[in-house]
Amino acid sequence: MDSKTSRLRALPSVDAVLKSNEAALLLERFGQKAATAAVRLMLSEARAELKAGASDPPSTAKVVERAFASLANDDRSTLRPLFNLTGTVLHTNLGRALIAEAAIEAAVAAMRDPVALEYDLSNGKRGERDDHIRALLRELTGAEDATVVNNNAAAVLLALNTLAGGREAIVSRGELIEIGGAFRMPDIMSRAGAKLVEVGTTNRTHPNDYRSAVNAATGVILKVHTSNYRIMGFTTEVAAPELAEIATEARVPLMNDLGSGSLIDLSQFGLKREPTVRDAISEGADIVTFSGDKLLGGPQAGFIVGKRELIAAINRNPMKRALRVDKIRLAAIEATLKLYRDPDRLAERLPTLRLLARPQADIAAQAKRILPAVQSAVGPGFSVQARECQSQIGSGALPLDTIASFCLAISSNSGGLALERLSTDLRRLERPVIGRLEDGALILDLRCLTDEAAFLSVLANLNLHDPA
Ligand SMILES: *Cc1c(COP(=O)(O)O)cnc(C)c1O
């Protein structure tokens with residue numbers, strides 16, 4: 001018998017591995033079915049290795065260890081929490097706003113038990129989903145009525161379809177935005193069944209451009225917040241109050257898509273003032289749409305507020321049913337909105353605002369405090385420096401206004417490839433760390449680093465790529 005055959009014979013059987021003491025934990029955690037499949041796979045890999053000339057068959061303990069590692073890796077959620085050190089607070093690809101504790105509790109309670117989602121507890125009759133947020137949104141925005149759908153893209157689609165389906169929608173050429181992904185205003189309009197009527201030019205649109213476009217087929221005049229860009233220089237746009245006059249004269253509704261739409265004046269937190277939803281309503285918009293998970297700091301949602309009869313028409317649109325939100329989000333939305341009743345404690349309670357308002361000195365102190373630990377985790381091949389940087393709000397809010405922040409800037413002694421490898425290693429951590437590569441350095445903006453202890457303990461497990 002040649003030695004290869006004897007080594008193959010020395011491999012334990014699937015059954016023997018599963019019956020071993022070492023496998024108890026594997027079975028306990030992953031169950032019989034998955035454990036058996038993983039052990040079988042590990043043994044067949046070991047067999048292939050032996051056939052290819054490997055010298056020693058793995059021990060039972062080794063087979064179990066490999067099966068455990070493979071199943072544990074498979075078991076990790078791809079949606080597991082990570083550290084957003086990109087410097088973009090509302091990062092769309094990282095899930096935008098973090099939800100306030102009160103909203104998390106409300107959502108969990110709604111998940112666990114039945115709730116009066118569409119049930120009127122006062123009379124035992126059928127109720128409406130929107131009743132949970134209608135009064136709150138009226139109170140916070142000054143609008144007559146309100147409804148909520150899946151996200152702001154849905155809000156725009158539904159409102160346009162209701163107001164201008166089979167009719168014309170007038171928009172300035174300066175506001176025909178693409179938000180990213182497939183959200184382009186002209187495409188949304190055509191999917192909403194509205195005929196786009198562009199007026200003005202890219203940089204200048206005048207009142208008469210709107211006036212001369214209005215006709216019997218006009219369904220809506222649309223104003224869009226140019227969220228993610230700004231046109232500068234020789235520019236003019238028609239301000240909302242004047243546009244409202246034009247719309248009133250023409251007897252067509254004015255819709256204002258605010259995008260991020262804040263419910264409060266952000267200048268009190270050191271940010272630039274964005275028009276609030278209340279401003280847009282008081283400037284005469286008949287319908288205002290805005291997101292739940294941008295500056296508002298709640299779960300993904302799209303709000304539509306405005307004139308009672310228009311909201312009623314929107315609610316009668318069969319599309320509404322396809323775009324509605326579930327009880328979990330509705331509970332979180334209600335709890336988030338309620339926090340706005342106490343503006344003094346909002347920055348404490350709303351994570352988005354807390355992060356945006358975090359003082360630079362606080363972030364700088366943190367950078368200096370954790371620098372030695374980060375330097376020791378990345379090793380002597382890299383040099384880590386604490387320095388100033390700029391954070392962004394993100395999600396198209398105030399695109400040109402950055403917030404002074406502090407970061408750890410990691411540079412490599414051996415070039416850009418090493419930094420890219422380090423980024424990859426950081427993304428592979430149990431709790432991935434996401435920074436940004438900029439000007440030859442890996443920037444870890446610490447504005448959003450709230451759980452410092454967790455960060456340091458995760459970082460201690462950093463396994464660097466072998467230096468090439
Ligand atoms: C972000 C944005 C949208 C889309 O909102 P979502 O909540 O991402 O669906 C629409 N319009 C404007 C102006 C925006 O900024």
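Just so you know, residue 1 is the first one in the sequence shown, and it goes up from there. As the structure lists them, so they are numbered: ligands from 1, and atoms in each ligand from 1.
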Do the charged groups of [X] and [Y] touch, with an N to O distance under 4.0 Å?
X      : Y      : value
Arg354 : Glu348 : no
Arg436 : Glu438 : yes
Lys307 : Glu144 : no

Under a plain distance cut-off of 3.5 Å, with no hydrogens placed, do Asn73 and Ser70 share a side-chain donor-acceptor pair? no

Student check: side-chain heavy atoms of Leu422 and Leu462 closer than 4.5 Å: yes

Quick check: does any side chain N or O of Ser291 sit under 3.5 Å from a backbone N or O of Asp293, one acting as donor and the other as acceptor? no

Report all protein residues having a heavy-atom distance below 4.0 Å to some atom of ligand 1; order the list by chain, then number. Arg96, Asn151, Asn152, Ala153, Ile177, Ile179, Phe183, His225, Ser227, Asp257, Gly259, Ser291, Lys294

